Amino acid sequence: MDFILEPLNLVTFFPLVGVLVLLFLKKDQKDAARWTALVASLVTFAISLWVLSQFKASETGLQMEVNATWFTFGAWEIKYALGVDGLSILLLLLTTFLTPISILSTWTAVEDRVRDFMLFFLLLEVGMVGVFLAQDLFLFYVFWEFTLVPMYFLIGIWGGAERMYAAIKFFLYTMAGSILMLLAILWLGNNQGTFYVPALIEQGGIPENLQTWLFFAFAAAFAIKVPMWPLHSWLPDAHVQAPTAGSVILAGVLLKMGTYGFLRFNIPLFPEAAKEWAWLMALLAVIGILYGAAVSYWQKDVKKLVAYSSVSHLGFVMLGLFALNPQGIEGAILQMVNHGLSTGALFLLIGVIYERRHTREFSEFGGLWKVMPVYAVVTLIVSLSSMGLPGLNGFVGEFTILLGAWGAGQEGLLGNNGVLYAGFAAAGVILAAVYILYMFGTMFLGPLTNEKNENLKDLNWREVVTLVPLLVLIFWIGLYPKPFFDLMAPTVEHLVATLGM
Amino acid sequence: MSGYTIEDLVNILPIVFVVVWALALLMVEAFTKRRGLTLVLAAVGLLAALFLTVSQFGVETTAFKNMLTVDGYSLFMYVLVLGSGLFSIALAYDYNKRMGWERGEYYVLMLFSIAGAMLMASAANLIVVFLALELLSIPLYILAAFVPNDAASEEAGLKYFLLGAFAGGFVLYGVALIYGATGATDLMAIVSAASTTESPLLLLIGAALILIGLGFKVAVVPFHMWTPDVYQGAPTPVTAYMAVVAKAGGFAALLRVFIAAFPSVSQDLVPVLSALVILTLVIGNLAALAQKNIKRMFAYSSISHAGFIMMAFVTYGQADLYADAVTSVLFYLLAFAVTSFGSWAVVVALEQAEGKGLNLEDYAGLGKKHPALALSMLVFLLSFAGVPPTLGFGGKFFLFRTVLEGGYVGLAIVGVLASLVSAYYYLRVVIYMYFHDGDPEVRSEPVLNFVTAVTAVGTLFLFFMSGPILKWAAESILALI
Amino acid sequence: MDANLTVFIILAVVAIGSAIGMLLNRNAVYSALFLILNFATVAVFYIILGAPFIAMTHVTVYAGAIMVLFLFVIMLLGAEELTGGTTKFDWQKPAAVVLALFLLAELYVVIFFRDTVFAEFRALADFGTPQNVGRVLFNDYLLPFEITAFLLLAAMIGAIVIARRVRRKPGN
Amino acid sequence: MVSIEYYIGLSAILFIIGTMGVLTRRNAIIIFMSIELMLNAANLLFVAFARMFEALGGQIFVFFVMTVAAAEVAVGLALIVAVFRTKQTINIDEASTLKG
Amino acid sequence: MLLSETTTTGFLELVPWIVFFPVIGLLLNIIFGRRWGELGVAITAVSASALSLVVSVLQFITLQGAHGEAMVYKLAEWLHIGSFSIPWEFRVDTLSVTMMLVVSGVGTLIHLYAVGYMHYDVRYKGDPKSYARFFIYLNLFIAMMMILVSGNSYLMLFVGWEGVGLCSFLLIGFWFTKNPDATEGTQNSYAAKKAFIANRVGDFGFLMAMFLTFWHFGTLSFSELFPEVAHYEGPESLVWWIAGFMLLGVTGKSAQIPLYVWLPDAMAGPTPVSALIHAATMVTAGVYLVARSAPVFSAVEGVHVMVALVGAATALFAATIAVGQYDIKKVLAYSTVSQLGFMVAAVGMGAYVAGMFHLVTHAFFKALLFLGSGSVILAVERGHHPLVETGDADASHGHDDHGHDDHHGEVFDPQDMRNMGGLRKKIPWTFWTYMAGTLALAGIFPFAGFWSKDEILLDASHFEGAMAVYWLLVIAAAFTAFYMGRQVWMVFFGEPRHHAAEEAKESPWTVLLPLVVLAILSTLGGFMNWPFESGLEPHRFGHWLEYTLKVSLGHELHIPEFSFSVAIQSTLIAVAAIFISWLVYGRKPLKSGQTDPLAKALGPIFKGMNAKWWVDELYQAVILTPYEKLAKFLSQTIDWSFWHDWFHEKGIRDNFQRLANFLANPIDMGVIDKISYLLAQGAQGSAGWLSKLQTGFVRNYALAVFTGVVVILGYLVLFR
């Protein structure tokens, strides 16, 4: 019993309670299903806040660790090990925070098979939280792969016209990557004799050339998930086809699993390879930033634009991570959260207009500010945060990342004149302004041309409720990010120290 | 009858029991008119045998002058085979009535072939291997052709029979060559003679021929071609039974014979085995992609699973590794058995008379109309595809691990790619079930639902119980090395 | 030349000839008869090789029982000549022949051209007499013997099941 | 006495002929007979080796093979008859409805 | 040098309120704006701005008490990452307080002005509801500008820097459904985007500069940075880079070549915005930045020349364009660009005092001119829509009825000087105040502009970096005088060229009061830096700033002696220019419909001036179009057609499926039969059986098995 009541066990598996309840509901009890899911996810969020209250920011190691032997096989011991530290606490909160919001956003959007939808959604939450908490490679892989299944259905059943294609593509691409990781995991298990991540980091001692191989085996899985250029091709399909809530979670959390993977495994496990190949990662990241920004600018579909903008934003995150210095990494972690908030909010907003007009074509809109002022203002704020306007969350992340990247470049980590990486990335900030303003301008400014839009309803209370928390955080992080940095700073600095940078 | 004691019988009590029970059933069938009684009795008998087996855990001995070995390994196989027998009887319970060929001999024959499979698991002499193989197969030939006046079923039976006999000829010739090379058919004698033989090539060729013969039974490419046709033609419960027990028996014999008798040739065989594995994985998986008929699809998928198991078998020669290899194979077989029976149960639930309800289209809308059934099917498919948290994933995980331990990275990569491909066609079923609208007709029968539920829960639950299972499997290594 | 060899060659020629006859003959009945002849010659080899008991069983079981059964079935079905289904694979035959020759070559390489050493035959008294065979059979090979019993039983049941079809009843 | 290689060679030839029969003939019964021929080739081998090793194991094996053969014949012929009942032919090529 | 601990801090604690008051104001208006109606909104906004003015004054007093010693007030920790730490600090020194006063002072006046102006404007534009929105933006701007000028680190400065950019975006796009000529359209929103993006380009430079600074000096805080820079002995290239990037930022914000293009379009915003943001305060942020970073720019010789040349060139270039404009606000816009050129040139030369001095005076008279022009436009608009006077409620309604149908049939543009003329009598107050502004801008003694511009020219004449600067500025000054003359003649003199001009009405007092105040300031403002030893206290402003500058520079800055030669020279040039403008426009005023006499005289040159030397078109062709093409190419061709469709779909998926189908149907036969098929070819050289390939035949299966046997055995026999 005590074991079950371990905070991390609770926060991971509590949604299953909701799942159980859902299983006993009838197909047509839609509201019951909605409320069950909402309550379950809210309680989970509460638990995660409890975890936060227990969390000691000053410590660098794992906290509240749950560590039991799952089973042994031959020479191995496979552990059931959960733990939270500065690297994961924020992402844990982000997950538990976004889930209820997404659920709330589907209140009227999803009418078909509500129960199943909620069921998959809660399962998805279990998987995501597990990914961020698992400290044993085997366990991690289990959660990692498990998240595929519910997302597959969320896209495939409640998605758009091309949903099956998108769902399969999503499933196969991510699985293709993770399977190489599986081999690497097995290799580690064989040659290092354990799957327990802290132990692996502790003993280290993987020869350089092998590190490179393993590094890329892991990177394959994570880079596809992130997605890093040029492995991003599944993203637009998945996003455009997924239902609003799906997009929110996909952009908000699932993509972070990739970057988190780099941070949690690639860098500490294979420090030599990480240093050796940082330039490559940074290069791809920068290409992603510019490429994503440029491509977004030409989209005809709002959701696609945001999808591509994710490629650009996560490029920043990757750049920060592989700056391998405190500024870069902390900025990256914060930027993961920021992207979760901003892009999540953007998808929510797109969902709002889509629910009203059932189209996302730019050509259909224009001058919406006139009819939906509140909606317009909220969108403006979120867009600005996503293009990194100072005073909003996006800026803090991007600035620290660029600062870190520049430093890394200057200290020669990224090869000679490595500062160029930061330079070009910063240029991405300009392009971000270009496509964001293009989006905002074409949708909200200019005269109200399309008469279909003339009597659109502005945000209703439920939509406001879903958005306000996001806005609060957007401002909070933008104006006073210190508490967020304090949560991760010691861990990150310790990590950097162990890298010997 | 000199030199034999009751001990010999006691040691192989489960087998003896099954056979005797089969005879008894024959009598019952002959002298009662009551349909279905035999079925219940058969189930009872299998349960009892299962019980006997469990009571024998820990026994390590030989019987009948080293003809048979009883050890953890064979006992594990007994459990697997007997369990499979129970499941397939459960599948047949309503099916045969529904299809109208309810006959007691069905179960008698099944019991005989179960005995054959059990014998294969503990055979310590090539003669016994050969005979057990036949005892396993001959009832299967008949069961495959069991449907009266049904061209497909008869054709399946005939094909299976002719090809089986053909392959049997090779096995026999191989045994003959081995006998020629070592002058023995007893595994222990062979392994001791193998070191001193003057004609190693003869031994090698013989071993290869046996490998081919058993490879035919477990459906390894290119000896697999009978599989899809027979699986399609045979009555579904029989197919399910074949898919699991024939494989289990075949691999049981393969592992024991090769590990016990032919470690010397393992290095020479590695390329051959690798080639077979790769062919099997590639062809099995890719061929499955284009199937419209679910039974054929599962046939190909079972072929690919044979390929996976073979992967672990490649490493059998490494003395420090064969234990792990055996463990992972046993685990994989278990996972395959549970998952496979579950999926076949679903197939049975949807099958209509005259082979209707067997196409993928017939699964459209299952997710909406019968969520529970669809959900369990989903679990099975995910397990087949090796997606956590399912038994299938565990099986693949430990399998790949063994392969990597053996240093066959290339094979492992092929393996993972293959499992990726497999995901593709398993997903197609999921798509039909959930993303297409349709109105599938489903037989909701208590026994069937029970099987589905049990296997579905098992597929998930046992994964989390991997610990004990692995422990058990790991203890079940062959005693006679 | 050596009498034994002469005998062997003659017999071998007969065996192979009859086998080929079986293989090539269009008429199933003749094929069966050729096969019987072949079996007979093989039985003679058995005797030469000091296995009288096996030879006898061979003749009784094969030539006596099995082949008769074959002939019986052929007659019963009236299937001396094959009907229907013109062959669809002209290449099957040549392919088969080529492959078969390959296999033969392989086997011969193994037997004659590689380090495969066989002991020479020595003259033996009463080797493989029924008594000896029986003794060994029931001392060492009791279990296989039992298995064969069940094997035959299973086969018998099977044959009956297949042969004695019940009319199909529609499912409940 | 003739040396054993001759016997092995002979059995090999018979075996090959048997396989050829299986591969080339379309008459189910003849295919079946060819299989029997293959078994015989193996038997010949056993007997020869038994003679070489002066051990009876080989001969015993032959004995069992015969019983197995008998069993197979019973089943096999039954199947053929059954197929003939439905298809009115024992042309194995006719049994090709299951495919794909 | 956190002297705040040592010296008496006076009202220092209040300094955050220069930001908080406006923020409170805008929050109040967001929440209650709709309920309160215009009056409430106006009071809230104006008082918010006024209060921050009060606080600024208090800071001024505090600073006096502290003898100009810089003080730092730490509000909170903002960022702290590894070695990188940015507190949220307010810096109170003479430089920043000067800016605070200008911003809040002019800001308050313009708030007041807007109260009246917007009352009408929202009605002409047919959207009375957006009254509150306007003041919310305005307050937001004050807050951001205050952050900009009071921040104690580059990062804080940058926050304000981008913040004001946002406000300018919002305010330029205030009438986002319209075109500058008040027709429905997207030009305004386009202008807003243009402004934002152009500024972003500058910000990029700023960012780069910050990174360089941080990673070489380990801090972004002024207090810690400048001492290090003051005696910096590193490679010169570094300073060049930092200064260069910073200059890029300056050109963005202060509308210098090459990024000035956004400012003229920014006139799409309502006039008070043009006055406050795009003349008086925001655009001077660049100048402030250079002055603030004086140590950086002074650290290496030569950097000065770069900056000064950019400034001077802009000054002249923009002045020429101003000559060719008809839109009253466009003229002022280019004049602003040109004047900013003066300031940048000044601070670039190291004449920080002169630069800041001109900044202040310019704030006065340019704000005055814009407000004046606004008053003119307002007057004309009211002349054009008589029935607006009947009341506010149905104003927009009436506006909708008549739209912009004009008696001459074409769209009426109230800002086109060709539609004006003879307004002198209609709107006297506006006229006289406007004159004050004009003379100040033209640099006529004794108006404020004279003193400040003179000081710049004085420094330029001493500037040993490049004499070109001096001459560029002088010529620019001449042009300035000319186009202002031209404007005055065209607007106020001659006869009305349009019925709207005839019926023009004087503006309400809220509009006029600021005009008067600013007129006084632009008349007398010059005396704050009295250059002579006798009379007033000399160089008051100079010494005031010196407190800060000498500390940051680490040495006294020399203030050049007043030179009559320069003064008289410039004055003469100005007068002459005005005289020429009288010759062209004043002597025989324009008739309606008559083309500009200058156009005849100069021909193509005038066309060039009028067309802004086609710079926008150039940028369109060189930058925007290529980027759009690239984006289109990347997204449509590379990413979608090639990467997504061709590579992933065709390349991976289709081939995968094709393979699958081939292998499955008929794999069993397919592949394996092919092998035997080839063998068969060897045996019987005939072909074409492949078509007969069938499946389901036992013989084939057997053959497959057999093939396997043969191959495996063959392998073993041959290779073992």
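Keep in mind that this is a model prediction, so the values were computed, not measured. The figures here come from the full heavy-atom set of this structure, side chains too, leaving out hydrogens, waters and symmetry mates. Chain A is the first sequence line, chain B the second, and so forth, proteins listed ahead of strands; every chain is numbered from 1.
- By number of non-hydrogen pairs under 4.5 angstrom with chain C, the leading residue of B:Pro139, B:Pro200, B:Ala22 is B:Pro200.
- A distance of 11.5 Å separates CD of C:Glu146 from CG of B:Leu131, quoted to the nearest 0.5 Å.
- Interface remark: of the candidates B:Leu177, B:Leu26, B:Asp8, B:Val108, B:Leu26 forms the most heavy-atom pairs closer than 4.5 Å to chain C.
- Checking side-chain atoms of B:Lys65 against main-chain N and O of C:Leu142 turns up no donor-acceptor pair under 3.5 Å.
- Put simply, CZ on B:Phe170 and CG on C:Leu103 are 6.5 Å apart, with the number rounded to the nearest 0.5 Å.
- C:Leu153 touches chain B through its side chain: at least one heavy atom from C-beta onward sits under 4.5 Å away, while N, CA, C and O do not.
- Between the CD atom of B:Glu134 and the CG atom of C:Leu152 there is a distance of 11.0 Å, given to the nearest 0.5 Å.
- The two residues B:Met67 and C:Asp140 come nearest to each other via the heavy atoms CE-O, 3.5 Å.
- The candidate from C:Ala154, C:Ala155, C:Ala159 with the greatest count of non-hydrogen atom pairs under 4.5 Å with chain B is C:Ala154.
- In this structure, CG on B:Leu135 lies 10.0 Å from OG1 on C:Thr148, to the nearest 0.5 angstrom.
- Closest approach of B:Val128 and C:Pro144 over heavy atoms only: CG2-CG, 4.4 Å.
- For chain C, the nearby part of B:Leu119 is the side chain; its heavy atoms alone come within less than 4.5 Å.
- B:Gln352 CD: more than 12 foreign heavy atoms inside a 6.0 Å radius.
- With a threshold of 4.5 angstrom between heavy atoms, B:Leu203 does not approach chain C through any atom at all.
- Of the two parts of B:Ile205, only the side chain, counted from C-beta on, holds a non-hydrogen atom closer than 4.5 Å to a non-hydrogen atom of chain C.
- By the 6.0 Å contact criterion, OH on B:Tyr93 is open, its count of non-hydrogen atoms from other residues, nucleotides or ligands being 12 or less.
- Between chain B and the residues C:Leu151, C:Leu107, C:Leu143, the largest count of heavy-atom pairs under 4.5 Å involves C:Leu143.
- More than 12 heavy atoms of other residues, nucleotides or ligands sit less than 6.0 Å from atom CZ of C:Phe112.
- Within the 4.5 angstrom heavy-atom criterion, only side-chain atoms of B:Leu23, from C-beta onward, approach chain C.
- Closest heavy-atom contact between B:Tyr4 and C:Asn139: OH-O, 2.5 Å.
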